[in-house]
Number of protein chains: 2
Amino acid sequence: MLSDVMEDYLKAIYYLEREGDAPVGTSRIAEYLEVTSPTVTSMVESLADRGFIEREKYKGVELTDEGETVAVEVVRHHRLLEAYLTEHLDYDWSEVHEEADALEHHISEEFERRVAEALGDPEVDPHGDPIPGADLTPPDEGVGTRLSEHGSGDRVRVERVSDRDAEELAYLQDAGIAPGIVLEVTDVAPFGMVTVAVGDEEQSLPETVARSIRVTTATGSEDRAVGGA
Amino acid sequence: MLSDVMEDYLKAIYYLEREGDAPVGTSRIAEYLEVTSPTVTSMVESLADRGFIEREKYKGVELTDEGETVAVEVVRHHRLLEAYLTEHLDYDWSEVHEEADALEHHISEEFERRVAEALGDPEVDPHGDPIPGADLTPPDEGVGTRLSEHGSGDRVRVERVSDRDAEELAYLQDAGIAPGIVLEVTDVAPFGMVTVAVGDEEQSLPETVARSIRVTTATGSEDRAVGGA
DNA sequence: TATAAGGTTTAGATTAGTCTAATCACGGGC
DNA sequence: GCCCGTGATTAGACTAATCTAAACCTTATA
Ligand SMILES: [Mn+2]
Ligand SMILES: [Mn+2]
Ligand SMILES: [Mn+2]
Ligand SMILES: [Mn+2]
């Protein structure tokens with residue numbers, strides 16, 4: 001009914017609405033999807049015609065409820081697939097994103113249902129991203145704060161990491177940083193470089209990485225380097 | 001690299017080469033893929049240009065070695081997926097074909113490898129279709145004979161059923177007919193209607209169905225209604 | 001408030017895959 | 001050996017998704 005390209009545009013707009021200000025402009029979509037601006041202009045025209053987005057020329061776009069539902073459905077597919085691949089096919093969390101991107105548009109509702117059942121209806125995927133429920137209510141994507149906003153002495157629990165960059169994920173894995181892990185910020189250097197203590201080890205993270213890690217304040221009862229999938 | 005549409009054409013030609021005489025004509029491909037003849041003509045031109053098929057105008061096409069390898073790869077994906085869906089996601093054998101058709105073009109080599117491993121490198125899929133090995137050597141698709149070629153009194157072992165028609169598969173399942181099952185032909189009526197004994201039951205099968213079931217002569221040691229996945 | 005810079009849209013072209021309508025080729029029957 | 005029917009191809013058109021180059025808004029700033 002809706003092409004996978006269109007689904008990708010809606011998913012992109014869903015992310016961008018939550019990462020920056022609304023409305024979402026042409027060039028942000030273009031950069032995110034690695035296409036040119038005129039391509040985006042013509043695509044958002046169709047999506048607006050079909051009622052999936054609200055569009056104001058020269059301003060940008062916003063998902064309608066219908067468009068948001070489509071996006072949430074694709075996101076549910078994506079994150080269920082990521083969870084399934086790690087849980088049942090022994091994938092590493094740094095490898096699942098690409099595979100899920102390729103499959104998310106091609107699985108049936110039946111497949112979605114069975115995968116969810118095999119996983120016991122999980123609430124988050126391996127990166128800590130919330131998995132929308134079968135009713136497609138948009139999940140809360142804004143849990144906690146960015147690690148980059150914290151200062152020395154803060155003890156925080158990792159809630160979410162970004163799933164887009166396999167290299168970054170491999171590095172975090174190596175550093176022992178994953179959802180559930182508790183760590184302490186020991187230093188914040190110029191340009192936002194954050195040093196954290198993870199168990200006995202210290203790790204330095206560039207600002208771009210620290211910004212993509214979402215954390216909550218750790219309660220006293222949690223130990224450092226405990227938890228995580 | 002190669003579009004999924006092109007992969008579907010190569011897979012179709014692979015099947016048709018094995019179902020009828022070579023070379024494979026335009027209209028047979030058109031009927032199989034449910035497109036029009038001119039569409040096929042233009043597509044086979046591209047495939048010939050790219051070296052995947054040998055084409056003689058007004059005669060038909062044949063896969064080159066390269067084209068055959070692509071087809072076998074897609075067939076491997078398809079049948080591994082069918083096996084995985086039945087074994088690990090509790091699908092019924094009548095439901096897996098469509099799902100596999102949608103996914104076969106979109107899984108990575110890594111995914112293929114892991115699914116094969118999870119299954120223990122099976123030799124056949126739930127319908128008895130041979131699963132090509134990772135080396136992509138074309139498997140023997142011509143095992144046994146068609147049930148429709150047998151006469152009263154023949155005791156045969158079911159090797160393969162067609163996976164294309166979900167309704168037919170549901171019927172066969174109900175009738176207790178599946179790969180591994182041994183049955184006896186009790187009657188062949190006009191127009192090819194075949195009656196068989198399966199365990200204690202008798203089942204009548206129209207010629208079209210009997211032709212799509214491949215069987216081997218049962219050895220004495222096998223019991224009726226034993227075996228099958 | 002005029003203008004320049006950035007971002008957006010328009011214009012026009014391209015490729016893949018599909019269709020319908022019309023024409024063409026080949027082999028069987030007379 | 002000619003004709004005709006069946007099947008194949010050609011011709012021309014369409015949609016979806018993309019691009020480059022050029023023109024166009026909007027807004028911030030001088
Ligand atoms: Mn995608
Ligand atoms: Mn994720
Ligand atoms: Mn297919
Ligand atoms: Mn099969």
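Every value quoted in this text rests on a predicted model; they were computed, and no experiment measured them. Lettering follows sequence order; numbering is per chain, from 1.
Looking at residues two or more places apart in sequence or on another chain, you find no side chain to side chain donor-acceptor pair (under 3.5 Å) involving B/Glu54. By the side-chain contact (heavy atoms from CB on, under 4.5 Å) test, A/Tyr171 is found to be paired with A/Gln203, A/Leu205, residues two or more places apart in sequence or in another chain being considered. Legend: residues meeting side-chain contact (heavy atoms from CB on, under 4.5 Å) with A/Glu56, ordered by chain and number and at least two apart, are A/Lys59. Residues forming a ring-ring contact (aromatic ring centres under 6.0 Å, His included) with B/His78 (at least two apart in sequence, or on another chain): B/His97. With sequence neighbours excluded, the residues satisfying side chain to side chain donor-acceptor pair (under 3.5 Å) with A/His150 are A/Thr145, A/Asp154. Every residue two or more places apart in sequence or in another chain that forms a side-chain contact (heavy atoms from CB on, under 4.5 Å) with A/Gln173 is listed here: A/Asp92, A/Trp93.
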Review item, side-chain donor-acceptor pairs of residues 38-51 of chain B, under 3.5 Å, at least two apart:
| from | atom 1 | to | atom 2 | distance (Å) |
| --- | --- | --- | --- | --- |
| B/Thr39 | OG1 | B/Thr36 | OG1 | 3.0 |
| B/Thr41 | OG1 | B/Ser37 | O | 3.3 |
| B/Ser42 | OG | B/Thr39 | O | 3.4 |
| B/Ser46 | OG | B/Ser42 | O | 3.3 |

For residues 20-28 of chain B, dump all side-chain donor-acceptor pairs below 3.5 Å to protein atoms at least two apart in sequence or in another chain.
| from | atom 1 | to | atom 2 | distance (Å) |
| --- | --- | --- | --- | --- |
| B/Arg28 | NH1 | B/Asp21 | O | 3.1 |
| B/Arg28 | NH2 | B/Leu16 | O | 2.8 |

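Taking a 4.0 Å limit (strictly below) on heavy-atom distances, residues 14-22 of chain A does not reach DNA chain C anywhere. Within residues 46-60 of chain B, the residues that have a heavy atom under 4.0 Å from DNA chain C are, in order of number, B/Tyr58, B/Lys59. Of the residues in residues 34-43 of chain A, those lying under 4.0 Å from DNA chain C by heavy-atom distance are A/Ser37, A/Pro38, A/Thr41.
Contact annotation for A/Glu45: backbone-only contact, meaning every heavy-atom pair under 4.0 Å involves sugar-phosphate atoms and none involves a base.
Between B/Tyr9 and the phosphate of C/dT18, there is a side-chain N or O to OP1/OP2 separation shorter than 4.0 Å. Distances shown here put every side-chain N or O of A/Ser27 at or beyond 4.0 Å from the OP1 or OP2 atom of C/dG6.
Salt-bridge annotation for B/Arg114 and A/Glu95: present, with a side-chain N of the basic residue lying under 4.0 Å from a carboxylate O of the acidic one.
Judged purely by distance below 3.5 Å, without hydrogens or angles, the side chains of A/Tyr91 and A/Glu82 never pair a donor atom with an acceptor atom. Under the 3.5 Å distance criterion, with hydrogens and angles disregarded, a donor-acceptor pair is assigned to the side chains of B/Ser212 and B/Glu168.
A 4.0 Å heavy-atom criterion places the boundary nucleotides of DNA chain D facing chain A at D/dA17 to D/dT27, written 5' to 3'.
Scanning all heavy atoms of the two residues, the minimum distance from B/Met193 to B/Pro206 falls at SD-N, 3.8 Å. Of all heavy-atom pairs between B/Val72 and B/Pro132, the closest is CG1-CB, 3.4 Å.
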